[in-house]
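Working notes, structure below.
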Amino acid sequence: EKEGNAKAILGAIQSQFENNELFRRLYPEVVPEDFHKVTWSATEMNVARTTHRKESSVMIIGEGGSKTGMHPDEIVVDDIISRELMESMRSGSVADMIGQINRWIHQLVPLLSGHPRRCITFIGTRWWHNDCYEHIEESFGYGQPPQKYLLKTTLPDGSIQRLPVYRVGDLVVFRRSAIEDGQPAFLELDESKY
């Protein structure tokens, strides 16, 4: 929802390219030789690549924005609705805002490139029923019944975690509560290790 948040995330990614020596040694093929000779701004960045495309490697916009004429391979839509918007919706002050966001979501699909692995990833917090995330599931799920799966992963402490997901229409859906068994589900990372 907020372009400022997206700019902060892009800045953190750029900092890894510029300052993380381990990253630079592991992935030298994507690190630009000279950051002054590539697009490297608050809203766009280019990494070294073999293709010559007009699109930057990474571009950011806020909800409702567009990059006219650009056709990315992947679009990541992260937190398109905030708690503030939810509170405004509850008070009735921005009734049409959800409709505008839902229309914007549908405008993303034609923006994708023709790449075979093109995709849109939606990430966010469910604040209420009938929000944008429910609209996404209904629109791209096409009323199909969910096919349930159980993913398994090993955590750093060696324990096994099982994560339920389901596929419906064009979507794979992973839902998670913020608090599970009295513990935060999303652990804080110790950034000193990275």
Side-chain angles (χ1 to χ4, degrees), residues 1-2 5-6 8-17 20 22-23 25-27 29-30 45 47 49 57-61 63 71-83 85-86 98 101-102 104-194:
E1 181 186 20
K2 297 181 169 98
N5 292 349
I9 292 167
L10 183 62
I13 294 168
Q14 290 171 338
S15 178
Q16 294 299 314
F17 276 82
N20 185 327
L22 177 60
F23 175 84
R25 286 188 192 125
L26 290 174
Y27 304 102
E29 70 278 4
V30 295
M45 69 181 271
V47 300
R49 56 188 175 178
S57 302
V58 178
M59 303 174 286
I60 62 107
I61 59 172
E63 171 270 311
H71 299 284
D73 297 336
E74 181 174 0
I75 298 172
V76 178
V77 181
D78 189 2
D79 285 332
I80 50 176
I81 51 177
S82 64
R83 186 174 187 279
L85 177 64
M86 180 268 301
I98 292 298
I101 295 170
N102 289 343
W104 177 75
I105 289 166
H106 290 281
Q107 294 167 1
L108 296 174
V109 176
L111 294 178
L112 287 169
S113 73
H115 192 280
R117 292 181 56 197
R118 66 189 183 171
C119 71
I120 301 176
T121 301
F122 295 98
I123 303 166
T125 302
R126 296 291 309 267
W127 294 105
W128 71 94
H129 293 292
N130 297 320
D131 64 8
C132 296
Y133 298 104
E134 189 166 322
H135 174 79
I136 290 165
E137 192 167 335
E138 288 174 2
S139 295
F140 298 103
Y142 312 117
Q144 295 178 358
Q147 300 171 10
K148 297 179 181 181
Y149 300 90
L150 192 61
L151 303 179
K152 206 167 70 166
T153 187
T154 304
L155 299 175
D157 67 3
S159 63
I160 303 293
Q161 185 176 45
R162 288 169 179 76
L163 305 170
V165 299
Y166 59 92
R167 177 158 189 164
V168 57
D170 290 336
L171 301 173
V172 174
V173 180
F174 169 64
R175 289 187 183 184
R176 188 145 200 204
S177 297
I179 305 293
E180 295 175 351
D181 299 324
Q183 299 294 317
F186 300 96
L187 303 175
E188 292 291 325
L189 293 178
D190 182 356
E191 291 187 22
S192 66
K193 294 180 180 179
Y194 302 97

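No hydrogens, no waters, no symmetry mates; every other heavy atom, side chains included, goes into these values. Since the structure is predicted, the reported quantities are computational estimates derived from the model, not experimental observations. We're numbering straight along the sequence, starting at 1.
If you take OG on S139 and CG on L171, they are separated by 9.0 Å, rounding to the nearest 0.5 Å. Between the SG atom in C119 and the CD atom in E74 there is a gap of 4.0 Å [rounded to 0.5 Å]. Atom CG of L151 sits about 6.0 Å away from atom CG of L163, to the nearest 0.5 Å. Summarising the geometry, atom NE2 belonging to H115 is positioned 15.5 Å from atom NE2 belonging to H71; distances are rounded to the nearest 0.5 Å. Taken from CH2 in W128 to CD1 in I98, the straight-line distance is 4.0 Å, to the nearest 0.5 Å. In this structure, L112 CG and I75 CD1 are separated by 4.5 Å, a value rounded to the nearest 0.5 Å.
Using a 4.5 Å heavy-atom cutoff, the side chains of V58 and Q14 are not in contact. Side-chain contact check for D131 versus R126: some heavy-atom pair is nearer than 4.5 Å. Side-chain contact between V77 and I105 is absent, with no heavy-atom pair separated by less than 4.5 Å. Proximity of Y133 to T125: side-chain heavy atoms (C-beta onward) are nowhere separated by under 4.5 Å. Proximity of D79 to N5: side-chain heavy atoms (C-beta onward) are nowhere separated by under 4.5 Å.
Side-chain atoms of Q161 do not come within 3.5 Å of backbone N or O of T153 as any donor-acceptor pair. In terms of modelled atom types and a separation under 3.5 Å, the side chain of D157 and the main chain of S159 share a donor-acceptor contact. The backbone N or O of Q147 lies less than 3.5 Å from no partner atom in the side chain of R167, so there is not a single donor-acceptor pair.
Contact between I81 and W127 at its shortest, heavy atoms only, is O-NE1, 3.5 Å. Considering every non-hydrogen atom in both P72 and L111, the closest pair reads CD-O, 3.5 Å. Closest approach of V47 to S57, counting heavy atoms only: N-OG, 3.0 Å. The nearest pair of heavy atoms linking Q16 to F23 is O-CD2, 3.9 Å.
In the displayed structure, F174 atom CZ is contacted under 6.0 Å by more than 12 heavy atoms of other residues, nucleotides or ligands. For CZ of R117, the number of neighbouring non-hydrogen atoms (other residues, nucleotides, ligands) closer than 6.0 Å is 12 at most.
Checked against side-chain contact (heavy atoms from CB on, under 4.5 Å), K152 has the following partners two or more places apart in sequence or in another chain: I160, R162.
Annotation: ring-ring contact (aromatic ring centres under 6.0 Å, His included) contacts involving residues 134-172, sequence neighbours excluded, comprise H106-H135, H106-F140.
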